[in-house]
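Okay, structure first, notes after.
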2 protein chains.
Amino acid sequence: MVAITIKDVAALAGVSVATASRVLSGNPATSPDSRARVVAAVTELDYRPNAQARALRSTRSDSIGLLVSDVRNPFFADLAHTVEQAALAAGYVTLLGNANERKEQQDRYLDTLISRRVDGIIVAPLGDGSGSIRSLITREIPTVFVDRTVDGLDIPSVTTDSEAGIRQAVEHLAAAGHTRIGYISGPQATSTGRDRFAAFTRAIAGTGLSQDPELVYFGDYQAASGSAGVHALLQLRRPPTALLAADSLMAVGAIAILHKLGRRIGADIALIAFDDIEWFALLNPALSVISHSVEEMGRIAVDMLLQVIDGAKPESVVLPSELIVRASSSTPTSPASGPSLRTN
Amino acid sequence: MVAITIKDVAALAGVSVATASRVLSGNPATSPDSRARVVAAVTELDYRPNAQARALRSTRSDSIGLLVSDVRNPFFADLAHTVEQAALAAGYVTLLGNANERKEQQDRYLDTLISRRVDGIIVAPLGDGSGSIRSLITREIPTVFVDRTVDGLDIPSVTTDSEAGIRQAVEHLAAAGHTRIGYISGPQATSTGRDRFAAFTRAIAGTGLSQDPELVYFGDYQAASGSAGVHALLQLRRPPTALLAADSLMAVGAIAILHKLGRRIGADIALIAFDDIEWFALLNPALSVISHSVEEMGRIAVDMLLQVIDGAKPESVVLPSELIVRASSSTPTSPASGPSLRTN
DNA sequence: CGTGGATATGGAATCGTTTCCATGGAAACG
DNA sequence: CGTTTCCATGGAAACGATTCCATATCCACG
């Protein structure tokens with residue numbers, strides 16, 4: 001690693017280090033002559049300023065951190081993509097971290113991002129306000145929560161209002177004749193897990209369907225727990241005729257095991273997933289989903305973070321969700337269709 | 001942003017900055033007494049060392065860069081995940097960049113990573129050896145290519161041998177009676193695009209199938225071009241009865257438009273995709289794929305990069321690929337089944 | 001008791017920038 | 001022509017850590 005510093009540039013251009021620095025940072029107090037010579041020297045030497053040193057002195061790093069809970073979740077992959085593009089347009093690089101739905105990894109990454117003195121952090125938080133999350137507040141590091149929030153922390157956020165979408169889904173299933181709807185919930189350690197579960201409970205109560213607590217399975221937002229949830233729910237003495245999965249990965253797990261068990265989605269059992277993933281529409285039957293806009297969420301999050309960095313205190317934003325009906329839930333089912341198969 | 005520096009720690013602990021630094025970096029030349037006091041001061045102040053300053057002085061940043069061509073491509077999302085986990089285990093943080101299959105974004109991210117003085121870079125490169133890629137070499141920055149390579153550059157890489165998988169796929173289709181196989185190729189600006197196309201061409205020649213150049217459509221590894229490819233291929237006077245897509249996203253595009261056109265995959269037309277994505281098995285019919293191991297690729301890439309950082313010069317690794325037959329290609333087709341529909 | 005080696009410590013230089021401050025010269029003004 | 005203003009410039013001080021070097025203390029040994 002051969003290191004070329006601003007000293008080399010200054011020497012080649014025949015100016016002082018200070019002047020070279022000024023030219024490089026666009027300071028107007030430079031003559032056209034020295035500007036030209038510095039620029040020439042820079043290209044000749046293929047000089048790249050050392051971002052560490054620059055950040056050290058100027059206390060800005062022109063970078064933001066994005067901490068998602070699982071990169072492999074298409075929702076967060078899309079989010080990462082839009083955040084990264086929006087940040088790039090504003091002149092920031094995005095350092096992406098992956099908490100893997102685990103609190104200790106979240107803390108580790110937060111520590112790292114804090115150490116690297118990023119100018120701001122966008123995080124889909126996990127757990128309560130303990131651990132490194134608290135440091136964000138005490139250090140007054142510009143932070144925006146995305147998709148999820150943490151109770152009791154006064155941090156601007158952009159989230160989805162699950163209520164409308166989930167109510168529509170439940171009403172849609174009820175209208176099709178379903179009375180027992182199984183719910184594969186997200187973890188209660190996340191705000192979305194709690195919100196969506198609460199919305200489901202309210203919707204069920206509102207439509208007068210079965211409130212049997214056995215119809216709820218608590219998963220962890222990862223594929224395997226979707227499979228486990230289906231397995232558990234179908235083993236009930238009176239199994240559900242419709243399923244609602246609280247995120248896309250658990251829906252994937254659910255679909256996989258339903259295939260294996262030979263249950264035909266949309267015929268034997270209805271299925272609706274939270275999160276609209278491009279290829280859910282390609283499944284046969286196409287999957288009904290509760291959709292919310294990732295692009296908007298990412299864009300707004302970056303926007304809000306820039307405001308926070310500038311010292312403002314933006315209002316939190318709540319985006320709408322809405323049901324998109326496709327074939328996986330469109331076939332009306334008579335409440336007691338077929339024998340109630342037991343699985344094992 | 002309240003800044004707590006090592007000076008504050010030293011002052012509170014009643015030792016010098018040098019001693020505090022020694023305790024923090026695990027230097028044995030410290031007394032148990034000062035160790036205890038420094039540690040206490042650190043927790044009391046919630047001190048996090050400034051990574052910039054540390055990196056500036058010690059010329060190590062304990063971070064690596066990973067530049068993928070598209071985060072939304074599940075293959076690269078998985079790769080990002082495994083690389084990130086492997087790097088974390090080795091004590092490195094991963095800065096993820098997204099080139100978006102665009103050369104100028106690749107260059108921009110490379111510049112950024114170079115500026116941040118990452119200890120090494122793993123990149124799925126795009127284009128030829130021009131632009132910022134060249135700087136990696138001249139600056140002797142530890143670099144490993146993953147998935148793709150760049151001709152003429154002497155950089156260790158871990159790639160997939162497409163030959164075997166593609167040959168198996170073509171032979172499998174030929175055995176099922178297909179004589180005209182359409183190929184939706186990746187861009188020729190990438191090594192995988194070229195390699196897979198060459199492998200396809202050789203396999204076709206080897207099995208004596210139609211070498212009609214019209215049967216090849218050149219896409220760009222993104223979903224839309226998969227749709228465009230299917231559209232173009234089906235409009236031929238003698239359309240193919242089987243399709244091979246060179247990556248998963250183009251396969252998604254292909255599936256989407258085949259659905260829209262009412263062509264039944266696995267019955268009206270066979271389809272095989274390169275890259276095994278978890279949910280491809282969930283499609284109905286399940287998608288036949290050419291599979292290669294992302295986990296291994298990511299793990300090996302990190303491993304190799306650590307070796308390069310340590311000054312070694314590891315051999316490049318080529319991983320195998322293999323055909324996994326599922327329903328999308330299993331139905332034998334008679335060469336001239338049905339009327340040759342035109343689409344528009 | 002004096003010398004030597006080991007050990008813990010603090011002072012200060014250093015990394016590559018940015019930025020404050022002082023300076024010199026040119027231009028502008030009366 | 002003298003004074004003021006302005007502007008480009010260079011020297012040097014930061015930024016927050018690591019690390020070299022010198023020093024002080026202590027123990028052991030002859």
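This is a predicted model, so every value here is computed, not measured. Quick note on labels: first sequence line is chain A, next is B, and so on, each numbered from 1.
A donor-acceptor contact closer than 3.5 angstrom links the side chains of B:Ser31 and B:Ser34. With hydrogens and angles left out, the side-chain atoms of A:Asp128 and A:Ser130 include a donor and acceptor closer than 3.5 Å. Judged purely by distance below 3.5 Å, without hydrogens or angles, the side chains of A:Tyr221 and A:Thr192 pair a donor atom with an acceptor atom. In summary, the side chains of B:Ser16 and B:Thr19 do present a donor paired with an acceptor at a separation below 3.5 Å, with no hydrogens or angles considered. Using a 3.5 Å distance cut-off with no hydrogens or angles, the side chains of B:Thr30 and B:Arg35 do pair a donor with an acceptor.
In this structure, A:Arg57 and B:Ser16 both approach DNA chain C, and ranking their closest nucleotides by distance from the 5' end singles out B:Ser16. In terms of position along DNA chain D, the nucleotide closest to A:Pro32 lies nearer the 5' end than the nucleotide closest to the other residue of the pair A:Ala18 and A:Pro32.
Within the 4.0 Å cut-off from OP1 or OP2 of C:dT17, not a single side-chain nitrogen or oxygen of A:Ser21 is found. B:Ser58 has no side-chain polar atom (N or O) that falls below the 4.0 Å cut-off from OP1 or OP2 of C:dC15.
The interatomic distance linking B:Gln52 (CD) with C:dG16 (C1') rounds to 12 Å, in whole Å. Between B:Asn50 atom CG and C:dT14 atom P the separation is 21 Å, expressed in whole Å. Distance B:Arg60 CZ to C:dT14 P: 23 Å, rounded to the nearest Å. Distance, A:Ile4 CD1 to C:dT17 P: 10 Å, rounded to whole Å. Protein atom CZ of B:Arg22 is 8 Å distant from nucleotide atom P of C:dG10, rounded to whole Å. With rounding to whole Å, B:Arg35 atom CZ is found 8 Å from C:dA8 atom P. Atom CG of A:Leu24 and atom P of C:dG16 are 15 Å apart (whole Å).
Within the 4.0 angstrom heavy-atom criterion, no nucleotide atom of any strand lies near A:Ser25. The residue A:Pro28 sits close only to the backbone: its heavy atoms come under 4.0 Å of sugar-phosphate atoms, none of a base. At the heavy-atom level, B:Val17 lies under 4.0 Å from base atoms of the strands shown.
Side-chain proximity of A:Arg54 to C:dG11, C:dT17, C:dC15: nearest is C:dT17.
The side chain to side chain contact (heavy atoms under 4.5 Å, CB included) check on A:Leu88 picks up B:Gln105, B:Arg108, B:Tyr109, with sequence neighbours excluded.
Chain B approaches DNA chain D over the interval D:dG16 to D:dC20, counting the first and last nucleotide 5' to 3' with an atom under 4.0 Å from its heavy atoms.
A:Ile122 places none of its side-chain heavy atoms less than 4.5 Å from the side chain of A:Phe145.
The pair A:Asp46-B:Arg134 fails the salt-bridge criterion, with no side-chain N (NZ, NE, NH1 or NH2) lying under 4.0 Å from an Asp/Glu carboxylate O. Ion pairing between A:Asp303 and A:Arg299 fails under the 4.0 Å rule for side-chain N and carboxylate O.
With the end axes of the helix from C:dC1-D:dG30 to C:dG30-D:dC1 each set by five pairs, the angle from one to the other reads 50° at 10° resolution.
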- May I have the step-by-step check of side-chain contact (heavy atoms from CB on, under 4.5 Å) for A:Phe76 and A:His81, ending in yes or no? CA-CA 8 Å; A:Phe76 287 115; A:His81 178 253; over 6 Å; no
